[in-house]
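The structure appears below as structure tokens.
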Amino acid sequence: MKMDKTIIFPTLEAVKEARKSIENVVNYTPLQYNARLSEKFGANIFLKREDLQPVRSYKLRGAYNKIKSLFNAGKISEGIVCASAGNHAQGVAFSCKQLQIKGTIFMPVTTPKQKLEQVEMFGGKFAEIKLVGDTFDASKNAALDFAKTSGAAFIHPFDDIQIIEGQATLALEILEQQKENIDFIFIPIGGGGLASGISTVFKELSKETQLIGVEPKGAPSMKTSIDNNLNTELLEVDGFVDGAAVKRVGDLTFEICKNALTDCIPVDEGKVCDTILQLYNKDAIVLEPAGALSISALEQYRNQIKGKNVVCIVSGSNNDITRMEEIKERALLYNGLKHYFMVKFPQRPGSLKDFVLNVLGKNDDITHFEYTKKNSRETALAIVGIELSNISDFNGLKQRMQNLGYFESYLNDNPDMLSIMV
């Protein structure tokens with residue numbers, strides 16, 4: 001079915017064919033009722049656990065569908081090449097090993113070590129990693145250049161109709177698993193391939209379902225494009241939610257999503273971190289930042305989803321354990337429990353002891369202290385990080401600091417300084 005003269009929707013028939021193509025490789029992942037979230041929001045919350053795929057993300061669906069189609073058509077004599085921040089790379093590597101195809105995988109230099117190791121494990125001798133650039137877009141450009149010079153087939157992570165059809169197979173499973181009407185489905189968006197695929201199926205088979213796209217606040221490329229009614233490239237992105245930090249969504253995915261999504265909302269990265277910690281501590285579910293996006297958005301729709309049937313796509317769990325300190329830090333900052341100050345200390349013995357006794361509350365904890373003594377001055381500055389047990393303790397802490405002459409400045413309001421601390 002044509003949307004205009006150049007862009008074509010994936011079809012339901014093609015999605016069903018894709019399902020047959022990938023069924024021996026992809027897991028039929030559970031749609032789990034989550035009692036804690038359901039009670040919290042007064043709704044029936046179900047999690048589609050794509051983190052339980054062999055490569056721990058849904059990306060295997062689209063990657064294998066695309067590569068298998070090229071393999072069957074005899075179009076990969078020079079191998080394949082892709083660019084990815086991690087999960088698409090793992091799906092491609094897994095597919096290469098399954099089909100014994102040579103693959104070259106371009107990844108940003110900033111890719112977490114855990115994801116690099118996973119790509120190596122899934123691809124074995126059939127996948128070669130090349131680290132280029134700081135963002136997905138830089139890696140993509142390098143991969144496209146490689147495709148031109150080598151003749152390798154480029155496997156796009158999202159802006160390809162067969163990739164979208166593969167991701168759409170997930171939606172067929174959801175509709176089989178959930179017999180009652182689905183009122184809302186929350187879908188993480190990076191480049192838009194998953195949202196496009198789910199939209200394709202739900203617009204045909206569950207028209208009443210509201211489709212909510214969810215992006216990181218620091219990389220709202222789909223929302224920006226929909227608001228502008230034009231596929232718009234962001235000047236810069238916050239790469240923390242690395243699985244969804246894309247400067248520009250696909251032309252195909254944009255056309256599908258702008259016509260199909262009910263809404264597209266950004267979620268603060270700090271909220272995503274808080275969600276990751278809650279799921280880990282209370283549900284024993286380990287997710288990467290992009291995997292927690294859909295659940296993180298529920299708070300914004302609290303009133304609308306009350307009493308409704310809601311599905312959240314849990315898209316992936318490829319999280320590096322070394323990132324957990326940063327995740328905890330961002331969550332504390334988001335919840336108003338971690339604060340950084342520039343503090344003036346008199347250059348006399350006992351000044352730090354006075355600060356601890358007279359400024360800190362009984363439940364406050366100094367978690368960072370960086371002090372430089374200046375012999376030529378009566379006071380010296382220190383950067384002090386303080387963790388609170390209750391957000392309501394902040395005003396008293398700041399007031400005591402000001403009254404006793406310790407306060408110089410509050411650094412949480414300074415993004416440049418705060419980014420150095422975090």
Side-chain angles (χ1 to χ4, degrees), residues 36 40 216-218 238-241 266-283 286 289 292 295-296 298-300 302 319-422:
R36 178 182 66 85
K40 178 179 179 179
K217 182 180 178 182
D238 181 340
F240 176 75
V241 186
V267 175
D268 191 284
E269 282 77 3
K271 175 63 176 176
V272 173
C273 291
D274 186 54
T275 300
I276 291 172
L277 295 176
Q278 293 291 324
L279 288 164
Y280 178 78
N281 291 326
K282 297 181 179 181
D283 300 295
V286 180
I295 301 170
S296 302
L298 293 175
E299 192 69 49
Q300 295 186 46
R302 174 180 285 273
N319 200 11
D320 193 331
I321 192 65
T322 61
R323 303 183 74 191
M324 290 307 291
E325 281 303 313
E326 180 184 3
I327 288 170
K328 180 183 176 183
E329 180 85 354
R330 283 177 175 260
L332 288 168
L333 289 166
Y334 174 79
N335 288 316
L337 297 176
K338 185 71 173 285
H339 302 274
Y340 287 94
F341 298 90
M342 190 74 76
V343 178
K344 293 183 294 186
F345 280 97
Q347 291 214 61
R348 56 174 172 76
S351 61
L352 177 58
K353 180 180 179 181
D354 289 342
F355 179 86
V356 172
L357 292 176
N358 299 315
V359 174
L360 292 187
K362 63 178 182 178
N363 295 317
D364 300 344
D365 185 27
I366 293 177
T367 58
H368 180 88
F369 191 91
E370 187 175 342
Y371 177 73
T372 303
K373 188 173 183 179
K374 302 289 186 182
N375 292 326
S376 61
R377 299 179 59 183
E378 294 181 355
T379 61
L381 295 177
I383 298 174
V384 181
I386 300 175
E387 184 176 330
L388 309 179
S389 60
N390 194 308
I391 189 174
S392 62
D393 294 336
F394 172 72
N395 289 333
L397 171 69
K398 185 177 179 182
Q399 190 65 54
R400 292 190 296 274
M401 205 179 296
Q402 291 172 330
N403 292 345
L404 296 173
Y406 287 100
F407 182 82
E408 175 68 19
S409 61
Y410 179 55
L411 300 182
N412 285 39
D413 293 335
N414 185 332
D416 293 332
M417 179 62 73
L418 194 62
S419 66
I420 295 173
M421 307 310 302
V422 179

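Hydrogens, waters and symmetry mates are skipped; everything else that's a heavy atom, side chains included, is used.
Side chain of Arg330 to main chain of Val272: no donor-acceptor pair is present (N/O by atom type, distance under 3.5 Å, no hydrogens or angles). Side chain of Asp274 to main chain of Ala331: no donor-acceptor pair is present (N/O by atom type, distance under 3.5 Å, no hydrogens or angles). Checked by atom type and distance alone, the side chain of Gln300 pairs as donor or acceptor with a backbone atom of Pro266 at under 3.5 Å.
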Please step through side chain to side chain contact (heavy atoms under 4.5 Å, CB included) for the pair Leu352 and Phe369, ending with a clear verdict.
CA-CA 11 Å; Leu352 177 58; Phe369 191 91; 3.9 Å; yes
Is there a side chain to side chain contact (heavy atoms under 4.5 Å, CB included) between Glu269 and Val241? Walk through the geometry before answering.
CA-CA 7 Å; Glu269 282 77 3; Val241 186; 3.9 Å; yes
Could you walk me through whether Thr322 and Asp320 satisfy the side-chain hydrogen bond (donor to acceptor under 3.5 Å, both in side chains) test, starting with their C-alpha distance in whole Å, then the side-chain angles of each, then the deciding distance to 0.1 Å, before giving a yes or no?
CA-CA 5 Å; Thr322 61; Asp320 193 331; 2.9 Å; yes
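Taking the charged nitrogens against the carboxylate oxygens, Glu325 and Lys328 have no contact shorter than 4.0 Å, which rules out a salt bridge.
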Show every donor-acceptor pair shorter than 3.5 Å between a side-chain atom in residues 381-398 and any protein atom, with sequence neighbours excluded, or say none if there are none.
residue, atom, partner, partner atom, Å
Asn390, OD1, Ser392, N, 2.9
Asn390, OD1, Ser392, OG, 2.8

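The nearest pair of heavy atoms linking Ala292 to Ser296 is O-OG, 2.7 Å. Between Lys344 and Gly405, the shortest heavy-atom contact is CE-O, 3.5 Å. In terms of heavy atoms, Phe240 sits closest to Arg323 at O-NH2, 2.8 Å. Shown here for Pro346 and Ser351, the closest heavy-atom pair between the two residues is O-OG, 3.1 Å.
Residues Leu404 and Asp354 fail the side-chain proximity criterion, which asks for heavy atoms closer than 4.5 Å. Within the 4.5 Å cutoff, the side chain of Met324 has heavy atoms near those of the Asn319 side chain. Between Val343 and Met401 there is a side-chain heavy-atom pair separated by less than 4.5 Å.
Taken to the nearest 0.5 Å, the CG atom of Leu277 stands 8.0 Å off from the CG atom of Leu332. Rounded to the nearest 0.5 Å, atoms NE2 (His368) and CD (Glu329) are 9.5 Å apart. Between the CG atom in Asp364 and the CG atom in Leu337 there is a gap of 10.5 Å [rounded to 0.5 Å]. Rounded to the nearest 0.5 angstrom, Gln402 CD and Gln399 CD are separated by 5.5 Å. Residue Leu279 holds its CG atom at 5.5 Å from CZ of Arg36, rounded to the nearest 0.5 Å. Summarising the geometry, atom SG belonging to Cys273 is positioned 7.0 Å from atom CD belonging to Glu326; distances are rounded to the nearest 0.5 Å.
Only one option out of Phe355, Tyr406, Tyr410 pairs with Phe341 in a ring pair (Phe, Tyr, Trp, His ring centres under 6.0 Å); it is Tyr410.
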